[in-house]
Structures are given as C-alpha cells and as structure tokens.
Trainee: 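Sharing a structure below in structure tokens format, with a few things to ask.
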Amino acid sequence: MTPAAAQARHLSLVRLERAAGQAFGYADEPEPTLSRSSVLFSSSGFAIATVATALAATITYLV
C-alpha cells in the first residue's frame, strides 16, 4: 500500500468514526495530527534500526 493510499484510508476511517460518534451523541474531538514519532514506526525506520542492531551485534561479536 502506498503512503498516499494509506493516508487516504486513514482519513476515511477518521471521518467514519466521527460520523458514528455524532450519530450516538458523542462530542467532537480534535483531529489528531501526525507526530514526528510516527517516523520511528515506518517501515524504513524499522529497517534502519534492524541494520544498526545487526551491525552492532557483529562488531560486539568480533571484538
């Protein structure tokens, strides 16, 4: 899934959740903003962390 498709799906789900909340009488909540910490959970961030861990383990093993 491309980032644009994922973002569109997320916005669609947020709108659906807001509509359901309004139907049941719940107050509107402010829309959450995308925080900088979400970069840590992206696939590229996870791949970089994995490579860094493997490199550190290899260096530790060799020393």
Trainee: Mind checking who shares a hydrophobic cluster with Leu13, ILVMFWY linked at side-chain heavy-atom distances under 4.5 Å?
Mentor: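 Cluster partners of Leu13: none, it stands alone.
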Trainee: Just how far is it from atom CD of Gln22 to atom CD of Glu17, taken to the nearest 0.5 Å?
Mentor: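 Those atoms lie 11.5 Å apart.
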Trainee: Verify, without hydrogens or angle tests, whether Thr58 (side chain) and Ala54 (backbone) share a donor-acceptor contact under 3.5 angstrom.
Mentor: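 Yes, the answer is positive, given that a donor and an acceptor are paired below the 3.5 Å cut-off.
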Trainee: Could you see if Val63 belongs to whatever hydrophobic cluster contains Leu55? Use Ile, Leu, Val, Met, Phe, Trp, Tyr and a side-chain cutoff under 4.5 Å.
Mentor: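 Linked, Val63 and Leu55 end up in one cluster.
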